[in-house]
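Okay, so here's the structure we're looking at.
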Amino acid sequence: MRQYGNYPNVRLRRNRTSRFIRDLVAQNYLRVEDLVYPVFILEGGNRIEPIASMPGQSRLSIDKLLGLARECVDLGIRAIAIFPVIETEKIPDSIHESYNPGGLVQRAIRQLKANFPDLGVFTDVALDPYTHTGHDGVTDHMDYVLNDVTNEFLVKQALSHADAGADFVCPSDMMDGRIGAIRTALEAKGHHNTGIIAYSVKYASGFYGPFRDAVGAKKALGKSGKTSYQLNPANSDEALHEVAHDLAEGADIIMVKPGTQYLDILYRVKHEFKKPTAVYHVSGEYAMLKLAADKGFIDYNSCLLENMLAFKRAGADMVWTYAALDVARLIK
Ligand code: PBG
């Protein structure tokens, strides 16, 4: 029961008077164990290419990725998510590269699991790194992404990741029915314990800009957006329907993305379904914090932690963020 109006007997500021009492009454915490670090990889050896639009982040060759994985393990970060940069111009039928057992992602998974068996490895299931259009799937002559044909490729891609040892495959493509198709295929091939983190609620967002820059999809995509498959920012009920379908189809964990702009959605999803829920603090959100801090307009560390706490308060169990190393160091 709420009680109001007994001032001065009731003074809410008493519980804010000193650090110890603020800590004792705090309701939400962010732990290092809640963090997932998304990383970009490319071919070659001894390569570290800084990403201009994402200060502090780089594209790494697999040998360098292993060094980064070591850092994650030492800091207590539980999982990384890998995103490949594929030089599609050099590969004519590049879409088939997405499920090549000897492909960049598949090799990275094997190396990571061989060297750091306890570090969770999450993989992106979507075709955008492999298409010449920058779209997440196979397109027709009108640039429309074909749902069912795309699903056939996503299934192959997910299986190749599972075969290589990925712990969770993470479809980020927003095709209808892809979770069920992938789950069925994984079961049929004996991958009972390979999980699925479904990007169930992925909005058609401008905040993915720096990411598209990082993987080289920006130029290909041009003016064409992803509005025929990603969610309209004007809608919220649809987000719940997407989650309901993905859970029914076999998703183990669901995701809301972007984060900061969609805290209401995150809250509704967590409270409606009470399932393990991830939030993705996307590239544009990260870049805004970094650039404002670089200009001296905000304090990076305090704004970052406040941003992370907002996700926890809204109901996130885990947070995918490019700032994972920064956050881990701050809260250690
Ligand atoms: C593509 C994918 C995107 C992100 C993750 N997977 C971009 C997109 O849909 O265009 C965005 C992540 C970010 O902005 O940090 N399947």
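Counting starts at 1 for both ligands and their atoms, in listed order. Quantities reported herein were computed from a predicted structural model and do not represent experimental measurements. Just the heavy atoms: all of them, side chains too, but no hydrogens, waters or symmetry mates, feed the values below.
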Which is it for Asp136 and ligand 1 at heavy atoms under 4.0 Å: side chain, backbone, both or neither?
side chain
Does Asp124 approach ligand 1 within less than 4.0 angstrom via side chain, backbone, both or neither, non-hydrogen atoms only?
side chain
Can you check whether Phe40 reaches Pro129 side chain to side chain, under 4.5 Å on heavy atoms?
no
Salt bridge present between Arg212 and Asp128 (N-O < 4.0 angstrom):
no
Contact atoms of ligand 1, heavy-atom distance to Lys226 under 4.0 Å:
8 (C), 9 (O), 10 (O)
Salt bridge or not for Arg183 and Glu187, using N-O below 4.0 Å?
yes
What protein heavy atom lies closest to atom 1 (C) of ligand 1? Include the residue and the distance to one decimal.
Asp128 OD2, 2.8 Å
Tightest non-hydrogen contact, residues Ser200 and Ile254, listed as OG-CG2, 3.4 Å
Looking only at protein heavy atoms, which one is nearest to atom 16 (N) of ligand 1, and what is the separation?
Ser172 OG, 2.8 Å
Among protein heavy atoms, which sits nearest to atom 9 (O) of ligand 1, and what does the distance come to when rounded to 0.1 Å?
Lys202 NZ, 2.8 Å
Would Glu272 and Lys270 pass as an ion pair if we require N to O under 4.0 Å?
no
Report the nearest protein non-hydrogen atom to atom 11 (C) of ligand 1: residue, atom name, distance rounded to 0.1 Å.
Lys257 NZ, 2.9 Å
Carefully, step by step, assess Phe153 and Tyr130 under the rule ring-ring contact (aromatic ring centres under 6.0 Å, His included).
CA-CA 11 Å; Phe153 281 100; Tyr130 302 97; over 10 Å; no
Is it true that Gln230 lies under 4.0 Å from ligand 1, counting heavy atoms only?
yes
Ligand-side contact atoms (ligand 1) for residue partner Ala126, heavy atom cut-off under 4.0 Å
16 (N)
Which atoms from ligand 1 have a heavy atom of Tyr280 less than 4.0 Å away?
12 (C), 15 (O)
Which of the ligand 1 atoms, numbered from 1, are nearer than 4.0 Å to a heavy atom of Arg212
8 (C), 9 (O), 10 (O)
Whether His281 and Tyr286 hold their rings parallel, tilted or perpendicular, with breakpoints at 30° and 60°
perpendicular
Using a 4.0 Å cutoff against the non-hydrogen atoms of Ser283, which atoms of ligand 1 qualify?
13 (C), 14 (O), 15 (O)
Do Asn15 and Leu24 touch side chain to side chain, with heavy atoms closer than 4.5 Å?
no
Is there a side-chain contact (heavy atoms from CB on, under 4.5 Å) between Gln106 and His161 once you walk through the steps?
CA-CA 6 Å; Gln106 292 81 356; His161 294 175; 3.8 Å; yes
Just distances here: any N/O of Tyr322 and N/O of ligand 1 closer than 3.5 Å?
yes
